[in-house]
Every structure is written in structure tokens, then in C-alpha cells.
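Report on the following structure.
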Amino acid sequence: MRTFPLSTAPRAVSALLSRARRVTLHGPGASALSLQFAAEAACDNSTVTYLCGDNRFDPYAIARLARRCRRRQEDVLARILVARAFTCFQLGELIERLRPEDVSGPVIVTGICSAFLDEDLSHRDAARLFYRVLWRLADLADRGAALLLCESDAIASARRGYFLTDLFQASNFILRLDGTPCYTLEMRHDRALLQ
């Protein structure tokens, strides 16, 4: 693990995220960084698929970033395909419907663990659904999708905090944002996710 200035995080995400990779952002700044990456990719004429599992997608932030890059806001927003999931079932269904051949740019999934913390869901059902989603994401990456997975919430101490640990295990790179002016980059070897 290495520590870098936070100002370099957007460039690091752009450099690390490529086809068949899973990059995970974790920490309080993960949501803002995912929005910045989505805006910059859309400004570069990429189509971004944004699956929002934590209800933090902010089109106004995208528009501000587009204006800063001197791009038409409408064009940039039109290149970001957003789908919001309000339950873990909806997030699972959105991920299940993704087809790598239909996705030309990066796929961003936010709230990847926190969506499964619903206390109305039994522990067994939450685990079953979470691991089904995690395996599907690994399959999508193996088939060529570039995945940026974001978790902004501090869930390590939650009852199902091990979801975050397993998400890290399934990732190629992890950027840990802890609210300081630095982030930590952890590089992992490409490894198949055991099913």
C-alpha cells in the first residue's frame, strides 16, 4: 500500500480503470470521486453506465464539472446512463441485466455493500444476494467490463461488515479515502473469485 495526495486520485482512477478490471473506492470521498470520474469520462466522449445503489448521484455536480471542462452540460449528462436502485433487489437486478457487449465505457456501481445492510432482510438472504452480485460483477469484468465500485459508508463495524472485506478481495485495486488530504492505493493481483 502506498499513500498519495488526494489531488492525484482522479488521474489514478483513470489510469487504473481499464477493461477487465475492478477498481474499488472506499471512504467518505468515494461518491464525489465517482461523480468526478463519470463527468471526466463523459467529457472525453465515453458513455458511462452509473448504477446508483446509495442514492448519491448528483446531476448538478456533473453539470458543474462539465462547465469547468468547457463542455456542454446537456451533452455530458446525456453520456451518463443512470439507474437508481432503492433496494438491494433492484441493485441486483440492474447488475444482472448488464451485458458487457452492450457497455462501451466504464461501469460505476455505488453503494455496493450498503445496499445489502437493510435490517428487514434476513442475514442469510442479504449474504446470498450480495455474493450473487459480487460473482456477477467478477463475471462482467472477466468478460471485458471496466468496473468502478464505490462504497462511501463506513460499514466495517456493521453486522455485515465482512461484505466490504470480500469486496476488497474481489478487487484489482483499492483506493481508500479516509477524509484526509491523502488516499491509500492498494494493488492486488488479478485473481479469480471463487464461486
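Side chains are part of it too, since the values below use all heavy atoms of this structure and drop only hydrogens, waters and symmetry mates. Computed from a prediction, not measured in an experiment: that's the story for all the values here.
Atom CZ of R64 is separated from atom SG of C69 by 13.0 Å, given to the nearest 0.5 angstrom. Interatomic distance, CG of L140 versus CD1 of I95, reported as 8.0 Å (0.5 Å rounding). Remark: L35 CG to I62 CD1 distance equals 5.0 Å, nearest 0.5 Å.
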Q: Could you go through the side-chain hydrogen bond (donor to acceptor under 3.5 Å, both in side chains) check for Y183 and D178 one step at a time?
A: CA-CA 7 Å; Y183 70 93; D178 59 4; over 6 Å; no
Q: Quick one: do S114 and E151 satisfy side-chain hydrogen bond (donor to acceptor under 3.5 Å, both in side chains)? Show the steps, please.
A: CA-CA 7 Å; S114 56; E151 184 56 60; 3.1 Å; yes
Q: Kindly determine whether L98 and L51 satisfy side-chain contact (heavy atoms from CB on, under 4.5 Å), including the steps that lead there.
A: CA-CA 10 Å; L98 276 178; L51 305 180; 3.8 Å; yes
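Between S171 and I174 there is a side-chain heavy-atom pair separated by less than 4.5 Å. Contact annotation: the side chain of C150 never approaches that of V109 to less than 4.5 Å [non-hydrogen atoms, C-beta and beyond]. Residues L149 and T110 have side chains not in contact (no heavy-atom distance under 4.5 Å, counting atoms from C-beta outward). Looking at heavy atoms from C-beta onward, T87 lies out of side-chain contact with L121 at the 4.5 angstrom threshold. Side-chain contact check for F168 versus T24: some heavy-atom pair is nearer than 4.5 Å. Looking only at side-chain heavy atoms (C-beta outward), V23 and L175 come within less than 4.5 Å of each other.
Counting only distance, with no hydrogens or angles, the side chain of D54 and the backbone of R56 share a donor-acceptor pair below 3.5 Å. Within the 3.5 Å criterion, the main-chain N or O of E96 finds a donor-acceptor partner in the side chain of R99. Side-chain atoms of R84 come within 3.5 Å of backbone N or O of F57 as a donor-acceptor pair. The main-chain N or O of F89 is never found under 3.5 Å from a side-chain atom of E93 such that the two would form a donor-acceptor pair. Side chain of R21 to backbone of L16: a donor-acceptor contact under 3.5 angstrom is found. The main-chain N or O of S31 is found under 3.5 Å from a side-chain atom of S152 such that the two form a donor-acceptor pair. Checking side-chain atoms of R22 against main-chain N and O of A170 turns up a donor-acceptor pair under 3.5 Å.
For L177 against P28, the heavy-atom pair with the smallest separation is O-CD, 2.9 Å. The heavy-atom pair separating F116 from L91 by the smallest distance is CE1-CD2, 4.1 Å. The two residues Q73 and A63 come nearest to each other via the heavy atoms CG-O, 3.6 Å. C43 and R71 get closest at one heavy-atom pair: O-NE, 3.0 Å.
Within a 6.0 Å radius of CZ in R128, other residues, nucleotides and ligands contribute more than 12 heavy atoms.
Ion pairing between R143 and D139 holds under the 4.0 Å rule for side-chain N and carboxylate O.
At least one test fails for R136 against the ring of Y131: distance under 6.0 Å to the centre or angle within 45° of the axis.
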